[in-house]
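Reckoned from all heavy atoms, side chains included, excluding hydrogens, waters and symmetry mates. Just so it is clear, the model here is predicted, and its values are computed rather than measured. FYI, the numbering just counts along the sequence from 1.
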Amino acid sequence: VYALGNLGLALLTSDDAPEATRQLRAAFVAAEASLGPKHPHLALLAINLGTGLISLHKFGEAASYFERALALQTELLGPDAPDLHYVLTAIGDLALDQRRCSDAETSYQRALQVLGVGEQTDNPAALQPLVGLARAASCQENFAVARKRFERALALATHSFGADELRTAEVADRHGDMLLRAGEPDAAMAQYRRALEIRKARLPAGSPVLAESQRRIAELHRRAGRYPDAAALLTQAQALREGGPMVESAEAALLRLRLGDLTLERGDPAGARTHYERAIAIYTAISDSDILELAMARFGLARALSAASGGLAPAARELAEQALAALTHHGPAYAPEQKAVRAWLSARAR
């Protein structure tokens with residue numbers, strides 16, 4: 001149990017979510033059989049397994065493991081035990097991935113509460129809940145609050161772990177995401193580049209984790225119309241992701257989705273089709289069937305097919321309608337994407 005669990009955690013830390021999840025699942029099954037359903041280690045394994053499942057975008061299954069971990073730890077440790085902050089933070093992360101902004105805020109605040117601290121704390125254990133709270137504010141488009149929370153989180157990360165530590169890079173990336181949503185691409189670029197420089201200094205030259213920073217920077221270039229710069233970075237990121245054993249990962253699929261968007265904008269629908277089809281294949285193999293990224297990959301493929309044929313072929317319409325059905329299922333939080341797909345279908349129906 002412990003060997004499998006440690007192996008799974010190491011793989012998760014090294015960004016191999018598919019294999020990490022397999023090992024953590026094996027550890028969980030072995031723990032339940034050998035240690036019993038009430039052993040405290042089972043809760044820790046459930047949290048780690050749920051985190052791996054989030055990385056694969058298997059949100060429904062991740063939720064079930066987090067719920068089990070929370071119930072077991074509450075029973076064994078009490079409802080206000082500080083150790084509950086791990087699972088409460090994970091539940092908040094899952095809520096954000098599903099755009100349940102208020103639920104995420106509640107989970108992160110509860111995590112700080114069991115730690116016995118507030119948002120101005122110097123306790124390093126509070127870093128992830130603080131980052132979560134900043135992301136939750138951004139999710140609700142409360143950018144003034146998000147900015148203050150990110151500044152506090154960056155200060156805590158720098159003070160606790162160092163300005164050039166990987167956890168600081170993660171905070172910088174999330175800060176950049178918020179700034180991009182707030183309409184500040186130059187400030188976002190500064191954060192993304194800061195994260196990339198930290199990772200370059202801390203990680204081997206061929207580390208797939210570098211691709212995360214390259215993808216974010218490339219997206220800024222794409223939005224600004226700097227297509228050659230975006231293409232160069234996405235190609236580098238793709239080589240890092242697909243050059244090793246971790247080909248079928250959600251990050252690899254997201255890179256293909258971004259490459260599809262870029263290639264389509266550059267007027268190459270055939271090339272875009274290849275990227276979208278690969279993204280769809282990966283997401284279909286590893287993720288839930290109704291996630292946002294899979295829907296957008298299908299919508300991208302519909303646009304590529306339509307651009308190549310000069311009309312709305314039945315296959316393109318079916319893909320767009322599949323995407324719209326998945327997005328509509330998630331409700332108002334996905335209204336911008338729903339609107340884009342409906343507008344595209346309406347325009348081509350004329």
Check: S34 side chain, A30 main-chain N or O, donor-acceptor pair, under 3.5 Å = yes
What's the verdict on salt bridge (charged side-chain N to carboxylate O under 4.0 Å, His left out) for R149 and E105, showing C-alpha distance, side-chain angles and the deciding distance?
-> CA-CA 12 Å; R149 286 174 170 174; E105 174 97 16; 3.0 Å; yes
Side chain to side chain, P129 and T89, heavy atoms closer than 4.5 Å = yes
Please examine the side chains of P18 and R22, heavy atoms only from C-beta on, and report whether any two atoms are closer than 4.5 Å.
-> yes
Electrostatic pair R152-E119, nearest N-O below 4.0 angstrom = no
Does a side-chain heavy-atom distance below 4.5 Å link V145 with Q140?
-> no
Are L255 and L210 in one and the same hydrophobic cluster, where Ile, Leu, Val, Met, Phe, Trp and Tyr link if side-chain heavy atoms are under 4.5 Å apart?
-> no
Would M178 and R147 satisfy side-chain contact (heavy atoms from CB on, under 4.5 Å), going step by step from the backbone distance to the final call?
-> CA-CA 8 Å; M178 181 277 292; R147 189 186 309 276; 4.1 Å; yes
What's the spacing between Q191 CD and D186 CG if we round to 0.5 Å?
-> 12.5 Å
Examine L88 and Y86 and state if one hydrophobic cluster contains both, with Ile, Leu, Val, Met, Phe, Trp and Tyr joined whenever side-chain heavy atoms are less than 4.5 Å apart.
-> yes
What about L262 and L305, same hydrophobic cluster or not, with Ile/Leu/Val/Met/Phe/Trp/Tyr joined at side-chain heavy-atom distances under 4.5 Å?
-> no
Backbone N or O of A281 within a donor-acceptor pair of the T284 side chain at under 3.5 Å?
-> no
Test log, rule side-chain contact (heavy atoms from CB on, under 4.5 Å), inputs V1 and L45 = CA-CA 9 Å; V1 168; L45 286 170; 4.0 Å; yes
More than 12 heavy atoms of other residues, nucleotides or ligands under 6.0 Å from NE2 of H159: is that the case?
-> no
Test side-chain contact (heavy atoms from CB on, under 4.5 Å) on Y108 and V131 and set out the steps.
-> CA-CA 9 Å; Y108 294 131; V131 173; over 6 Å; no
So, does Q23 use its side chain to make a donor-acceptor pair with the main chain of L7 at under 3.5 Å?
-> no
Close side-chain approach of Y2 to H41, heavy-atom, < 4.5 Å = yes
Are the side chain of S306 and the backbone N or O of G311 linked by a donor-acceptor pair below 3.5 Å?
-> yes
Indicate yes or no: does R273 engage E277 in a salt bridge with an N to O separation below 4.0 Å.
-> yes
Assess R266 against Y227: is NZ or CZ under 6.0 Å from the centre of the six-membered ring, and within 45 degrees of the ring's axis?
-> no
Is there a donor-acceptor pair closer than 3.5 Å between any side-chain N or O of R167 and the backbone N or O of F161?
-> no
If you take all heavy atoms of S207 and L240, which pair is closest and at what distance?
-> O-CD1, 3.8 Å
Is there a donor-acceptor contact under 3.5 Å from the side chain of D268 to the main chain of G271?
-> yes
Salt bridge check: are R99 and E337 linked by an N-O gap of less than 4.0 Å?
-> yes
Carefully, step by step, assess D80 and R110 under the rule salt bridge (charged side-chain N to carboxylate O under 4.0 Å, His left out).
-> CA-CA 9 Å; D80 297 313; R110 179 73 179 126; 3.0 Å; yes
With a 4.5 Å limit on heavy-atom distance, are the side chains of F299 and L324 in contact?
-> no
Are R223 and D261 ion-paired here, with the side-chain N under 4.0 Å from a carboxylate O?
-> no
Are L53 and F28 co-members of a hydrophobic cluster defined by side-chain heavy atoms under 4.5 Å apart?
-> yes
So CD1 of I280 and CE of M296: to nearest 0.5 Å the spacing works out to 11.5 Å
Straight-line distance of T121 OG1 to L156 CG, nearest 0.5 Å | 7.0 Å
Heavy-atom side-chain proximity of L94 to R100 below 4.5 angstrom | yes
With a 3.5 Å cut-off and no angle check, do the side chains of E293 and Y283 form a donor-acceptor pair?
-> no
Please check if any side-chain donor atom of Q113 sits under 3.5 Å from a side-chain acceptor atom of Q109, or the reverse.
-> no
Do you know which two heavy atoms are closest between L127 and A153, and how far apart they sit?
-> CD1-O, 3.5 Å
Closest non-hydrogen atom pair, A218 against A230 | O-CB, 3.4 Å
Kindly give the heavy-atom pair with the smallest separation between I286 and S249, and that separation in Å.
-> CD1-C, 3.6 Å
Less than 4.5 Å apart, any side-chain heavy atom of Q73 and any of I47?
-> yes
Any link between L76 and L70 through a network of hydrophobic side chains (Ile, Leu, Val, Met, Phe, Trp, Tyr) touching at under 4.5 Å?
-> yes
Please round to the nearest 0.5 Å and tell me the distance separating atom CZ of R278 and atom CG of L301.
-> 14.5 Å
How long is the span from the CZ atom in F143 to the CG atom in L179, to the nearest 0.5 Å?
-> 9.5 Å
Should the pair R135-E170 be classified as a salt bridge under the 4.0 Å nitrogen-to-oxygen rule?
-> no
May I ask you to decide if S102's main-chain N or O and T106's side chain share a donor-acceptor pair within less than 3.5 Å?
-> yes
side-chain contact (heavy atoms from CB on, under 4.5 Å) evaluation trace for E165 with I198 | CA-CA 7 Å; E165 210 268 345; I198 293 172; 5.8 Å; no
Nearest heavy-atom contact between R241 and A252 is CD-N, 4.2 Å
Just do the salt bridge (charged side-chain N to carboxylate O under 4.0 Å, His left out) check on E32 and R68 with the steps written out, would you?
-> CA-CA 12 Å; E32 193 169 30; R68 182 161 181 184; 2.4 Å; yes
E61 backbone acceptor or donor facing S64 side chain under 3.5 Å | yes
When you check the gap from the basic side-chain N to the acidic O, do D173 and R215 get nearer than 4.0 Å?
-> no
Which atom pair, heavy atoms only, marks the closest approach of P124 to S160?
-> CG-OG, 3.6 Å
Short N-O contact, R216 and E212, less than 4.0 angstrom | yes
Is a salt bridge present between K38 and E75, judged by a nitrogen-to-oxygen distance below 4.0 Å?
-> yes
Tell me whether the centres of the aromatic rings in Y334 and H329 are closer together than 6.0 Å.
-> no
Any side-chain heavy atom of E251 within less than 4.5 Å of one from R256?
-> no
Modelled atom types, side-chain donor and acceptor of D177 and Y192, under 3.5 Å = yes
Indicate yes or no for a side-chain donor-acceptor contact from D288 to the backbone of G60 under 3.5 Å, with no hydrogens or angles considered.
-> yes
About how many Å separate CG of L166 and CZ of R202, when rounded to the nearest 0.5 Å?
-> 6.5 Å
When you look at E219 and R222, which way does the salt bridge (charged side-chain N to carboxylate O under 4.0 Å, His left out) test go after all the steps?
-> CA-CA 5 Å; E219 180 63 11; R222 182 187 72 82; 2.7 Å; yes
